[in-house]
Number of protein chains: 2
Amino acid sequence: MVKLTQHRQAILDLINASNRHWDADEVARALSDAGQSVGIATVYRGLAALEAAGLLDSIQLADKKRYERADKAHHDHMICTECGHIEEFTHATIEALQLVAAQERGFELSGHQLTMFGRCKSCSQE
Amino acid sequence: MVKLTQHRQAILDLINASNRHWDADEVARALSDAGQSVGIATVYRGLAALEAAGLLDSIQLADKKRYERADKAHHDHMICTECGHIEEFTHATIEALQLVAAQERGFELSGHQLTMFGRCKSCSQE
DNA sequence: ATGATAATGATAATGATTATCATTTCTATC
DNA sequence: GATAGAAATGATAATCATTATCATTATCAT
């Protein structure tokens, strides 16, 4: 299990108190703004450690990784290609079908990432 | 529409003749081995242009982008975290449910990527 | 206290991708 | 066929997220 140092606790608290998807740089900047400066390398290591421990979730985007709270039900993401807005959605049937598809191929599933791209509601109304 | 220059045709032919998922470097190396050297920048530009024209498909992995033929039915990917093997699968119901989920949220869907991670059949038998 | 182990921070290194810019190749038009 | 303008190419520098390095510091069990 992870050692919850002060720095890691600060990272975790920051993300848990929000509903956003943070990249490493944003975390470092926010902590710094809060008077709790943490080196960028430590932020990267902390985020990875917290995710490995199941205390954070992440999505891998084309250019970077973003972290979010792990204390929510599993969900996938819709990303607006215009404004960057990230919307979450859950679909039990899709999840179940994925598992079946994997089993049919003798695949031992350990994770997945479903990301949909398009224009969000407000952007497509403009 | 894209201009199908000699270089781009060579890239397209190479990928169309295979069933693999290529990264830019592999394409450049293969062309070079075939006596048809193409600068790496041109490979990147060519791949992007061919994808924009719908002549190639791609998947975005954590570290890099990989391209494959576009003349196959739409499919998603299962990636073995042990040997790197990429398996393709299609699931009409999952596709349909994604569309519904998007519509429910007023989302104008333009694309998606579903990637599953785990151990492939042969790796999990070891 | 004390030594072992892990964490931290500054910074260098890595690696994929993109930008720059001079040169070359195309293409349409005269 | 010559020619101007547009697009493509290639060598290489630049970018940017992430990881590695390594000296220093904190933590924890004995």
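A, B, ... follow the sequence lines: proteins, then strands. Residue 1 opens every chain. Predicted model, so just to flag it, every value in this text is computed and none were measured.
Residue L109(A) belongs to a hydrophobic cluster whose other members are M78(A), F89(A), I94(A), L97(A), L99(A), F107(A), L114(A), M116(A), M78(B), F89(B), I94(B), L97(B), L99(B), F107(B), L109(B), L114(B), M116(B), with links defined by side-chain heavy atoms closer than 4.5 Å. Residue I59(B) belongs to a hydrophobic cluster whose other members are L61(B), I79(B), I86(B), F117(B), with links defined by side-chain heavy atoms closer than 4.5 Å.
Taking atom CD of Q6(B) as the reference point, atom C1' of dT24(C) lies 13 Å away to the nearest angstrom. Taking atom CZ of residue R66(A) and atom C1' of nucleotide dA17(D), one finds them 12 Å apart after rounding to whole Å. Taking atom CD1 of residue I40(B) and atom P of nucleotide dT17(C), one finds them 9 Å apart after rounding to whole Å. Taking atom CG on L61(A) and atom C1' on dT17(C), their separation rounds to 16 Å, with Å as the unit. Look at CD on Q9(A): it is 17 Å from C1' on dA26(D), rounded to the nearest Å. Straight-line distance from the CD1 atom of I59(A) to the P atom of dA17(D): 16 Å, rounded to whole Å. When rounded to the nearest whole Å, the span between NZ of K65(B) and P of dA16(C) equals 15 Å. The separation between K64(B) atom NZ and dT18(C) atom P is 14 Å, rounded to whole Å.
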Can you pull every protein N or O that's under 3.5 Å from an N or O on nucleotides 4-7 of chain C?
unit_1	atom_1	unit_2	atom_2	d
dA7(C)	OP1	R8(A)	NH1	3.1

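Comparing the helix axis at one end of the helix from dA1(C)-dT30(D) to dC30(C)-dG1(D) with that at the other, each defined from 5 consecutive pairs, gives an inter-axis angle of 30° (nearest 10°).
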Name every donor-acceptor pair, under 3.5 Å, that has one atom in a side chain of residues 41-48 of chain A and the other anywhere in the protein, sequence neighbours excluded.
none

Under 3.5 Å, sequence neighbours excluded: what are the donor-acceptor pairs made by side chains of residues 10-20 of chain B?
unit_1	atom_1	unit_2	atom_2	d
D13(B)	OD1	Q9(B)	NE2	3.0
S18(B)	OG	I15(B)	O	3.1
S18(B)	OG	R20(B)	N	3.2
S18(B)	OG	W22(B)	NE1	2.8
N19(B)	OD1	R69(B)	NH1	3.1
N19(B)	OD1	K72(B)	NZ	3.1
R20(B)	NH2	E26(B)	OE1	3.1

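With sequence neighbours left out, H112(B) forms a ring-ring contact (aromatic ring centres under 6.0 Å, His included) with H74(B). Residues passing the side-chain hydrogen bond (donor to acceptor under 3.5 Å, both in side chains) test with K64(B), sequence neighbours excluded: D23(B). H75(A) pairs by the ring-ring contact (aromatic ring centres under 6.0 Å, His included) definition with H77(A), not counting sequence neighbours. Under the salt bridge (Lys or Arg N to Asp or Glu O under 4.0 Å) criterion, R119(A) pairs with E82(A), E108(B), not counting sequence neighbours.
Not a single donor-acceptor pair under 3.5 Å links the side chain of S58(B) to the backbone N or O of R66(B).
Taking every side-chain heavy atom of V38(B) into account, dG10(D) is the closest of dG10(D), dA20(D), dA16(C).
Of all the residues in residues 10-30 of chain A, not one reaches under 4.0 Å from DNA chain D with any non-hydrogen atom.
If A41(B) and S37(A) are placed on DNA chain C by their nearest nucleotide, the residue sitting closer to the 5' end is S37(A).
A side-chain donor-acceptor contact under 3.5 Å links E88(A) and H21(A).
Screening residues 90-99 of chain B for salt bridge (Lys or Arg N to Asp or Glu O under 4.0 Å), with sequence neighbours left out, gives no hits.
Taking 4.0 angstrom as the limit, Y44(B) places a side-chain polar atom (N or O) nearer than this to OP1 or OP2 of dT17(C).
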